[in-house]
Protein chains: 2
Amino acid sequence: MAKLPLADWHPGLSVDCVIFGFHNGALKVLLLQMQGMDKWALPGGFVRKAEDVDEAAVRVLEERTGLKEIFLEQYRLFGQAGRSTTEHARVLHQNGWLDEEDLAWFQQRFVSAGYYALVEYSKVSAPRADYFSSACEWWPLERLPDLMLDHSSLLDAALAALRLHLNHKPVGLSLLPEQFTMPELQQLYEAILGKSLDRRNFQRRMLGYGILCRTGERRRGGAHKAPWLYEFEEEAYEQALQSGLGSTW
Amino acid sequence: MAKLPLADWHPGLSVDCVIFGFHNGALKVLLLQMQGMDKWALPGGFVRKAEDVDEAAVRVLEERTGLKEIFLEQYRLFGQAGRSTTEHARVLHQNGWLDEEDLAWFQQRFVSAGYYALVEYSKVSAPRADYFSSACEWWPLERLPDLMLDHSSLLDAALAALRLHLNHKPVGLSLLPEQFTMPELQQLYEAILGKSLDRRNFQRRMLGYGILCRTGERRRGGAHKAPWLYEFEEEAYEQALQSGLGSTW
DNA sequence: ATTTAATGTGTCAAAACTACACAATAAAGA
DNA sequence: TCTTTATTGTGTAGTTTTGACACATTAAAT
């Protein structure tokens, strides 16, 4: 960014991405710390005039995580008139990160398309900060730092969307490594739903969907009985998602 | 519209509304016929710079239906680079509906926030066309006319969102009149889901949710046995929706 | 060898769902 | 007025799914 040919960008439009990862039994999101500020922000960016909004989101994702081919879902446009303040732009300007011309750009009224992304945590070895940020880190959902603007609501809405999509999108497939154990899958579901589930009933149900395949290997190295490793059967998974896992109607 | 002080409007941003109604056992949507064209369009509008995008949608709804207080849900931003062609603007311009200045406005690249609205059909006695359209009519979902731009996909996506929300939003309450019969409620569900349901099992399940109240009256005038009239118990309904009707997790 | 804590598996009762059939009735037609 | 017709109200039996449990197994740590 910085010195953007303003004519190339769609005015007053941005994308923000809630990038979910799953690690050590917890859901985490990737956040940026703004230069010279305490507050953190969702990774985001602007949209070129000739670019799909989805493409802009893919671009942002690749810039932060180094990954292409990420599961990405747009869930809502955030369009409150008062949602974007100019405070952070002023700070960036004062500290020399923004020149006059770019400052004016940042002081427009913005609407932002909210995306959530599901990534395999281990594949994001070195998340990269953008030009305006000094750090890029994973934060667990339960202990988030202060977020700028309305990014808290964007994040809450992303989680709500993720819950709503749980039976219709390849959530497990996208967040877990290729091989995983049943307890790991359960922890993922518990983290997303925010409540604990019965171990035995969970397994029965999951296996009942017919989308899992036991590899025959076990995960060694844990302090206790070694759990079986599973993989998703992708065709069956996709198939089952069409009508929704365990959907009632 | 026409002669809009361009400075007041958010550039390249519009809203489009899929307004659902339920009548004679069929789901219908309210469409506008563009002046001088065969194609029809979803009711839509632009967004003032000082206005929430949601407010713009409410404004559009009121202008077409005369109703405030409509159930309204934003489900997605449509942001493909090539989604808005300038063809219809040219036609409008040629026929004298658009002057040079407004034509330029219409030739921008637009992204559009998709909303769906649920209205009680009988309350929309006289839908009103807007400045650019020659008619405003209800069309049944099964037999839609040709739609301009990407409005077909907007509509399809709205229906998909409605299905996804069926157990989480007050769909029945918003689409049906205050009093309704069990067969009517079932027809509504069948229309939304696009499949038929067993009469007896449907009733058992609905009553099981504890959100319906039998008024004690029957609907007279039908050619056959008079069905009971029901109302929703709104508090119980709202309550039940929070965790989702019949949600499995 | 023993301990520890997690994993794998099974069972029983309750609830929900599926697939049905038959009685009641409001209006229309004979 | 009586019969016909199509729709609504209601119930039940068999099956499946769910919820709430307990006990045996095992990999590492002591």
Side-chain angles (χ1 to χ4, degrees), chain A residues 22-26 166-167 172 176-177 179-191 193-231 240 243-249, chain B residues 22-26 166-167 172 176-177 179-191 193 195-231 236 240 243-249:
Chain A
F22 181 67
H23 185 58
N24 285 147
L166 189 53
N167 289 326
L176 292 172
Q179 301 200 340
F180 53 89
T181 66
M182 191 60 75
E184 285 164 357
L185 182 59
Q186 183 181 342
Q187 284 183 322
L188 174 60
Y189 270 70
E190 291 178 334
L193 295 168
K195 68 178 175 193
S196 55
L197 303 168
D198 182 90
R199 211 160 50 88
R200 292 150 285 190
N201 296 338
F202 178 82
Q203 162 153 335
R204 187 180 31 188
R205 194 150 144 185
M206 272 296 159
L207 292 178
Y209 292 148
I211 60 175
L212 293 178
C213 160
R214 192 154 93 175
T215 63
E217 314 254 316
R218 293 160 178 273
R219 163 144 308 158
R220 301 314 186 92
H224 306 291
K225 180 166 181 177
W228 293 107
L229 284 168
Y230 292 85
E231 292 178 356
S243 49
L245 294 180
S247 71
T248 49
W249 288 114
Chain B
F22 180 68
H23 185 59
N24 284 146
L166 189 52
N167 289 325
L176 293 172
Q179 300 199 340
F180 52 89
T181 67
M182 191 61 74
E184 285 165 358
L185 181 59
Q186 183 181 340
Q187 284 183 322
L188 173 59
Y189 270 70
E190 290 178 335
L193 295 168
K195 67 177 173 192
S196 55
L197 304 168
D198 182 90
R199 211 160 51 87
R200 293 150 285 192
N201 296 337
F202 178 82
Q203 162 154 331
R204 175 152 32 95
R205 193 151 143 185
M206 271 297 159
L207 292 177
Y209 291 150
I211 60 175
L212 292 179
C213 161
R214 193 154 92 175
T215 64
E217 314 253 315
R218 292 162 178 274
R219 161 144 310 157
R220 301 314 187 92
H224 306 291
K225 181 166 182 178
W228 293 107
L229 284 168
Y230 291 85
E231 292 178 355
S243 50
L245 294 179
S247 72
T248 48
W249 288 114

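Computation of the quantities below employed the complete heavy-atom set of this structure, encompassing side-chain atoms and omitting hydrogens, waters and symmetry-equivalent molecules. We name chains A, B, ... by the order of the sequence lines, and we start the count at 1 in each one. Note that the structure is predicted; figures quoted are calculated from it, not measured.
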Closer to the 5' end of DNA chain C via nearest nucleotide, is it A:Y230 or A:T248?
-> A:Y230
For the pair made of CG in A:L229 and P in C:dT7, what is the distance, rounded to whole Å?
-> 12 Å
So do A:L245 and A:R205 actually touch side chain to side chain, heavy atoms under 4.5 Å?
-> no
How close or far is atom P of C:dG10 from atom CZ of A:R205, stated in whole angstroms?
-> 20 Å
Atom CG of A:L207 and atom C1' of C:dG10 are separated, to the nearest Å, by 14 Å
Residues B:L197 and B:Q186: closest non-hydrogen pair is O-NE2, 2.9 Å
Which residues pass the salt bridge (Lys or Arg N to Asp or Glu O under 4.0 Å) test with A:R199, sequence neighbours left out?
-> none
Length of the line joining A:Q187:CD and C:dA6:P, which is rounded to integer Å | 11 Å
Between CE of B:M182 and P of C:dA24 the distance, given in whole Å, is 21 Å
For the pair made of CZ in B:F180 and P in D:dT8, what is the distance, rounded to whole Å?
-> 15 Å
At a cut-off of 3.5 Å, list every protein nitrogen or oxygen paired with a nitrogen or oxygen from nucleotides 20-23 of chain D, distance to 0.1 Å.
from	atom 1	to	atom 2	distance (Å)
D:dA20	N7	A:N201	ND2	3.1
D:dA20	N6	A:N201	OD1	3.4
D:dC21	N4	A:R200	NE	3.0
D:dA22	N7	A:R200	NH1	2.9
D:dA22	N6	A:R200	NE	3.4
D:dA22	N6	A:R200	NH1	2.6

What is the distance, rounded to the nearest whole Å, between atom CZ of B:F202 and atom C1' of D:dG11?
-> 19 Å
Residue list, salt bridge (Lys or Arg N to Asp or Glu O under 4.0 Å) with A:R214, at least two apart or on another chain = none
Under the ring pair (Phe, Tyr, Trp, His ring centres under 6.0 Å) test, residues paired with A:Y189 that sit two or more places apart | A:F202, B:W249
To the nearest Å, give me how far apart CH2 (B:W228) and P (C:dA24) are.
-> 15 Å
Protein and nucleotides 25-27 of chain C: nitrogen or oxygen contacts under 3.5 angstrom:
from	atom 1	to	atom 2	distance (Å)
C:dA26	O4'	B:H224	O	2.8
C:dA26	N3	B:A223	O	3.3
C:dA27	OP1	B:G221	N	3.2
C:dA27	O4'	B:A223	O	3.4

Using a cut-off of strictly less than 4.0 Å, decide whether B:R214 has a side-chain nitrogen or oxygen near OP1 or OP2 of D:dT8.
-> no
Ring pair (Phe, Tyr, Trp, His ring centres under 6.0 Å) with B:F22: which residues, sequence neighbours excluded?
-> none
Apply salt bridge (Lys or Arg N to Asp or Glu O under 4.0 Å) to B:R218 and list each qualifying residue two or more places apart in sequence or on a separate chain.
-> none
With A:E217, which residues qualify under side chain to side chain donor-acceptor pair (under 3.5 Å), at least two apart?
-> none
Could you give the side-chain donor-acceptor pairs of residues 223-231 of chain B under 3.5 Å, partners two or more places apart or in another chain?
from	atom 1	to	atom 2	distance (Å)
B:E231	OE2	B:Q179	NE2	2.8

